[in-house]
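Worksheet: the structure to be examined is printed underneath.
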Amino acid sequence: MKLLSLVIITIISIAVSGQTRVTYEEVALQASGISWVHDNGRSDTRHLPETCGGGGLFFDYNNDGWIDIYFVNGGPSDFYLPKTPSKNALYRNNGDGTFTDVADKAGVACGQMGQFGMGAAAADFDGDGWQDLYVTNYGQNVLFRNKGDGTFADVTEQAGVGAPNWTTCATWFDYDNDGKLDLFASSFVQYSAKGSIFCGDNRMGKRYYCIPRVFKPRPSFLFHNEGNGKFTDVSKSSGIANSLGKSFGAVATDINNDGLMDLFVANDTVANFLFVNKGGGKFEEIGLPAGVAYSDSGSPRSGMGVDAADFDGDGWQDLFVANIDQELFSLYRNEKDLTFSDQPGEIAQATRLLSGWGLKFFDYDNDGDVDLFLANGHPDDMVETQVSKVKYAEPLLLFENNNGKFKNISAQSGDVFAKDFPARGMSVGDYDNDGDLDLLVINNGAAPLLLKNNGGNKNNWVGLQLVATKSNPGAVGAIITWTANSVKRQRLKTSGGSFLASHDPREILGLGPASKLDSLEIKWPSGKVDKLTNVPINSYVKIVEGEGTAKSVAGTAKK
């Protein structure tokens, strides 16, 4: 009788929820054609760059409408010489669930001396309609210009964006609203093999990884796009270089709704930065008065991955930063006066023993509000011999947004959430064009994860491909407003976020059970406003700035 009652209660619960649970399925890499494995160069010498990679991203390099994958690998450096070539991989999406590595043919395999890879960021920096690629390294960074014929050209020297020493995350955004994408690159600590510090047990001569606290901070880079294939280093004149940090994740967003894109930057063992865009090419760092620099107790933390979104639907951008175990992750609610309050809720307890890297706000179930995914893993593979209850490989986490509060639904969201991984970079994108967002997780020193979203497209949706004519090519900073079933929602198109990654540039608008999109408005960074009606649902549409029409895009996998 008790069992029957339990079954009845379960059936009623499912009926009340009114929807099938969305799950993430771990794609079999061998069947998909993905054979790449991250090489972290791990050695007994314990060099710090070994702990941080790798990165990667979803982007459509050949404009065929199918999202491709780029992986960033370790490589030759002053502390590591691979026995076999260690290369980056560019996997062309074949449109049938399989991928083919074309990195060598495309000219983006890297692997030269001084290219121990960290992450990458894709964007159309020259406005020719093709996604270019910026690769960050311990060493010198590389800018690849997409030639539009399946190959890329290394234009780093010409562009002037090499940013030597050690760069982690990169973010493309238009900070001065001149219609061209500028580039921010996060600088990590001052490091070299010759100047490495011994950390460990002196008596036994056993090395451990040094914590970043013992290394000197560095200024990050801001490059202004001059529109002629060249960039000007404005790090000092903009005020960005005035703040020395140990910077990892970065996201471009607008925290005060003034139409100028700001930067939130996570730092490891020093204060986080919140660079407010003051206009005129100047930034002011306000992390401390804004309440996002330190923990509530006033201590610097080990900030790694970050993101921004309006998770509570009040029209103001909120922030998130992941830290190392015992430090707690922070969900910063925007108080609308250039200050934030840390309100992690259920996230705090779930992440107390975890270290977070790749993360992203996105709508996993197409109900219209943003949820949160976290990719975790401790940086030190020896941590289990030194600390109890903390593991090197850690679980992934998925939190569902319920009226502005996040609930941990990992246990209900697929078998992959019961496993542990040494996760680092993470990218979000719809690689199978079925209208729900899939995930790419890059594991340190291991094979990556490709996670397919099963069920997110049971709710209706509209996919947007925004094509700018006066605004920046990525439409970064555009405000998207849509109404369905009399429910009005709004989204700012941010840039960057997560860790060592960028994301599918398309936007998917969740409609929930609504059978049509009542209205859609795009406020472009240029100030131009396009209002659209009769937009087809459950497909991708192209919207060109100033035309006010939505044109269907071929290649969408129908429901």
Side-chain angles (χ1 to χ4, degrees), residues 40 42 46-55 118-119 166 168-169 186 188-189 191 197 199-200 208-215 217 245-251 264-273 287 292-307 319-332 342 344 347-360 372-397 399 420-426 441-445 497-500:
N40 58 12
R42 180 160 287 135
R46 296 306 205 224
H47 286 284
L48 193 58
E50 299 168 7
T51 69
C52 301
M118 288 285 117
W166 188 356
T168 50
C169 294
S186 296
F188 200 47
V189 300
Y191 192 89
I197 301 169
C199 297
Y208 303 141
Y209 286 112
C210 296
I211 59 174
R213 186 175 292 113
V214 304
F215 299 102
K246 304 175 182 181
S247 301
F248 272 146
V251 61
F264 180 49
V265 182
N267 281 304
D268 195 342
T269 68
V270 296
N272 297 326
F273 297 147
V292 299
Y294 300 108
S295 69
D296 283 347
S297 63
S299 301
R301 292 185 284 186
S302 300
M304 294 180 286
V306 299
D307 201 22
L319 305 173
F320 191 92
V321 60
N323 301 298
I324 206 166
D325 64 281
Q326 308 295 349
E327 292 183 347
L328 302 183
F329 298 5
S330 286
L331 177 63
Y332 289 114
D342 190 359
I347 297 171
Q349 189 58 39
T351 59
R352 181 174 294 275
L353 297 178
L354 303 181
S355 300
W357 301 87
L359 59 93
K360 200 80 181 82
L372 179 64
F373 177 83
L374 305 175
N376 310 295
H378 200 279
D380 188 353
D381 65 333
M382 299 176 67
V383 66
E384 292 169 41
T385 66
Q386 305 167 46
V387 182
S388 64
K389 297 183 180 180
V390 176
K391 299 186 297 181
Y392 173 60
E394 298 176 348
L396 309 171
L397 293 175
F399 292 87
D420 295 328
F421 304 96
R424 297 295 185 268
M426 189 275 290
V441 178
I442 298 87
N443 293 312
N444 183 264
S498 191
F499 179 73
L500 304 182

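Note: hydrogens, waters and symmetry copies are ignored here, and every other heavy atom, side chains too, is used.
Note that the CH2 atom of Trp357 and the OG1 atom of Thr51 stand 5.5 Å from one another [nearest 0.5 Å]. Interatomic distance, CZ of Arg424 versus CE of Met304, reported as 8.0 Å (0.5 Å rounding). For the atom pair CD1 of Ile211 and NZ of Lys246, the computed distance is 8.5 Å after rounding to the nearest 0.5 Å.
Taking 4.5 Å as the limit, every side-chain heavy atom of Asp296 sits out of range of all side-chain heavy atoms of Leu328. Side-chain contact check for Ser299 versus Tyr294: every heavy-atom pair is 4.5 Å or farther apart. Residues Ile324 and His378 have side chains in contact (heavy-atom distance under 4.5 Å, counting atoms from C-beta outward). Phe248 has its side chain out of reach of Pro212: every pair of non-hydrogen atoms, C-beta onward, lies at least 4.5 Å apart. At a threshold of 4.5 Å between non-hydrogen side-chain atoms, the residues Asp268 and Phe188 count as touching. For the pair Leu354 and Leu397, the minimum side-chain heavy-atom distance is below 4.5 Å. Put simply, the side chain of Cys199 does not reach to within 4.5 Å of the side chain of Tyr209, judged on heavy atoms. A heavy-atom distance below 4.5 Å is not found between the side chains of Asn267 and Pro300.
Considering every non-hydrogen atom in both Val441 and Ala423, the closest pair reads CG1-CB, 3.7 Å. Across all their heavy atoms, Gly303 and Asn272 have their closest contact at CA-OD1, 4.4 Å. In terms of heavy atoms, Glu384 sits closest to Val390 at CG-O, 3.4 Å. The two atoms that bring Gly53 and Leu500 nearest to each other are CA-CD1, 4.0 Å, heavy atoms only. Across Phe373 and Met426, no two heavy atoms sit closer than the pair CD2-CE, 3.6 Å. When all heavy atoms are compared, the tightest approach of Leu353 to Gln326 is CD2-NE2, 3.2 Å.
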Could you walk me through whether Ser295 and Glu327 pass the side chain to side chain contact (heavy atoms under 4.5 Å, CB included) test, one step at a time?
CA-CA 8 Å; Ser295 69; Glu327 292 183 347; over 6 Å; no
Run the numbers on Asp325 and Arg352 for side chain to side chain contact (heavy atoms under 4.5 Å, CB included), then give the verdict.
CA-CA 6 Å; Asp325 64 281; Arg352 181 174 294 275; over 6 Å; no
Derivation of the side chain to side chain contact (heavy atoms under 4.5 Å, CB included) call for Gln386 and Tyr208
CA-CA 10 Å; Gln386 305 167 46; Tyr208 303 141; 4.0 Å; yes
Should Leu319 and Val292 be marked as a side chain to side chain contact (heavy atoms under 4.5 Å, CB included) after you check the CA-CA gap, both sets of side-chain angles, and the distance that decides it?
CA-CA 9 Å; Leu319 305 173; Val292 299; 4.3 Å; yes
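With Arg301 contributing its side chain and Phe329 its backbone, the two residues share no donor-acceptor pair below 3.5 Å. A donor-acceptor contact shorter than 3.5 Å is absent between the side chain of Ser302 and the backbone of Asn323.
By the salt bridge (charged side-chain N to carboxylate O under 4.0 Å, His left out) test, Asp381 pairs with Arg42, Arg46, sequence neighbours left out. Looking at residues two or more places apart in sequence or on another chain, you find a side-chain hydrogen bond (donor to acceptor under 3.5 Å, both in side chains) between Asp342 and Ser330. With sequence neighbours left out, the ring-ring contact (aromatic ring centres under 6.0 Å, His included) criterion links Tyr332 to no other residue. For Phe215, the ring-ring contact (aromatic ring centres under 6.0 Å, His included) criterion is met by Tyr191, not counting sequence neighbours. Remark: Phe264 pairs with no residue by the ring-ring contact (aromatic ring centres under 6.0 Å, His included) rule, at least two apart or across chains. With sequence neighbours excluded, the residues forming a ring-ring contact (aromatic ring centres under 6.0 Å, His included) with Phe273 are Phe275, listed by chain and number.
The residues Asp307 and Lys360 are annotated as salt-bridged, a charged nitrogen and a carboxylate oxygen being separated by less than 4.0 angstrom.
Side-chain contact, Asn376 with Ser355: no donor N or O sits under 3.5 Å from an acceptor N or O.
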